[in-house]
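All remarks here apply to the structure that follows.
Counting starts at 1 for both ligands and their atoms, following the listed order.
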Amino acid sequence: MKSRELSRVGIVGAGQLGRMMALAGYPLGLHSVFLDRGKDSPGAQVAETLIGGLEDPELLGELAARSDVLTFDWENISGKALAPLSGSIAIRPPAAALEIAQDRLHEKALFTRLKIPVTPHRAVDDLAGLRDATRLLGFPGVLKTRRLGYDGKGQFVLRGAADVELAWDLLGAPGLVYEKFLRFSREVSIVGARSQEGRIVSYPLTANTHAGGVLRYSVAPYVNAKLERLANTYLRRVLKELAYVGVAAIEFFVVGGRLIANEMAPRVHNSGHWTIEGAVTSQFENHMRAICDLPLGSTRPTGHSAMINFLGNLPDRRRLLAIEGLAYHDYGKEPRAGRKVGHCTIQRARAADRDKALAATLKLIEWT
Ligand code: AMP
């Protein structure tokens, strides 16, 4: 595989992450083909797309036949669906990494094995188990589905014993995890890339503001040398352990000056979108470089950046573009409440100026 040029990338899922990967690939001569259910999906607007189910064996086979390497916009594809392809095409990141990240409990077990602190938690499979977990860990706590939860979906915050039955009524099914609700001072994330030869690069630490479980905005670099070193050490442990190839992210809670891992994403990450304009090489380009065996690019920030998500609707383009140095990203999606439909990035030479510009821009954005 080493000597062969990898330049055709098959991407499973054609959401905005895939779209930004494909766009980053073009200047490098990398061509993407997607597999997605929708013919109007964000990725399908910029590259050829096979239309159908993401785990359809025939379509996955066709995607593999037309590609030199397979990668993912959607990380929930099962190892079983990928198994027939292993051996015939490079799958990056490896299916085993996807499988661990698909299950919050497996993910926490991996973190624990690698001596990365996690939120106190218990697996819950029935109402009695939920009662036991709340007795052990107390309130408040968060009940989450182990699989297929994202952006706060499949989660319920329990404030006291009176919420136990309600939480069970809403989410009740085997395959849950109850976590202690942490009073964190901040949420941060680290995004980095690993090459096939094991070289690892990472971006500066990013501070993230969520509401209702959904990322609203990020600022980077979040300057804290101690936490950044720690986040880097943890990311390196995970990437090495998984023999990872490509970009990945880990989200942390900062509690009492310590990092508590919340979850990992085996893919490019929303908190790394600022790198398109704010770093020498974007996370999307570095993902494409990593999976195509090209040298990884510099992750050095080129200033102080803020990225704001557009949720539910796109803000007025004309007003936003009038802001000095603002980069506007429309994902080409239909507006729908809570949906990530685009983002913008602003960059300034000084952190204080970035913060002022962020505050002014936030006034023009309405999340619905
Ligand atoms: P997740 O889907 O696990 O990334 O959760 C989405 C967001 O919900 C996080 O970024 C936090 O803002 C919040 N959250 C999730 N779990 C916890 C927890 N155990 N304690 C406090 N906040 C949490």
Is any N or O atom of Thr119, backbone or side chain, closer than 3.5 Å to an N or O atom of ligand 1? no
If you have a sec, work out which protein heavy atom is nearest atom 4 (O) of ligand 1 and how many Å separate them, to one decimal? Glu263 OE2, 2.6 Å
May I ask you to identify, for Lys180, whether its side chain, its backbone, both or neither come under 4.0 Å of ligand 1 on a heavy-atom basis? backbone
List the closest protein heavy-atom neighbour of atom 12 (O) of ligand 1: residue, atom name, distance to the nearest 0.1 Å. Glu187 OE2, 2.7 Å
Given the side-chain rings of Phe181 and Phe253, with only the six-membered ring counted for Trp, is the space between their centroids under 6.0 Å? no
Less than 4.5 Å apart, side chain to side chain, heavy atoms only: is that true for Cys344 and Thr361? yes
Nearest non-hydrogen protein atom, atom 22 (N) of ligand 1: Phe184 CE2, 3.5 Å
Below 3.5 Å, N or O to N or O, backbone or side chain included: is there any such pair between Phe181 and ligand 1? no
Those atoms of ligand 1 less than 4.0 Å from some heavy atom in Asn262: 1 (P), 3 (O), 4 (O), 5 (O)
Please determine which of Arg104, Lys144, Lys108 meets the salt bridge (charged side-chain N to carboxylate O under 4.0 Å, His left out) test together with Glu263. Arg104
For the aromatic rings, using the six-membered ring if either is Trp, is the centroid distance between His31 and Tyr26 under 6.0 Å? yes
To check your reading of the model: name the closest protein heavy atom to atom 15 (C) of ligand 1, its residue, and the distance in Å. Lys144 NZ, 3.3 Å
Indicate yes or no: does Glu179 engage Arg122 in a salt bridge with an N to O separation below 4.0 Å. no
Is it the case that Thr209 and Glu187 place a side-chain donor and acceptor less than 3.5 Å from each other? no
For atom 6 (C) of ligand 1, what is the closest protein heavy atom, and at what distance to 0.1 Å? Gly213 O, 3.6 Å
Heavy atom of Arg104 under 4.0 Å from ligand 1? yes
Of the protein's non-hydrogen atoms, which lies at the shortest distance from atom 23 (C) of ligand 1, and what is that distance? Phe253 CZ, 3.6 Å
Centroid separation under 6.0 Å, is that true for the rings of Phe284 and His273? yes
Quick test: of every protein heavy atom, which one is nearest to atom 20 (N) of ligand 1, and how far off is it to 0.1 Å? Leu182 N, 2.9 Å
Does some side-chain heavy atom of Met307 sit less than 4.5 Å from a side-chain heavy atom of Tyr217? no
What's the shortest distance from atom 2 (O) of ligand 1 to any protein heavy atom, and which residue and atom give it? Gln155 NE2, 2.7 Å
Distance flag, aromatic centroids of Tyr331 and His343, threshold under 6.0 Å: yes
When you look for heavy atoms under 4.0 Å from ligand 1, do you find them on the side chain of Asn208, its backbone, both, or neither? neither
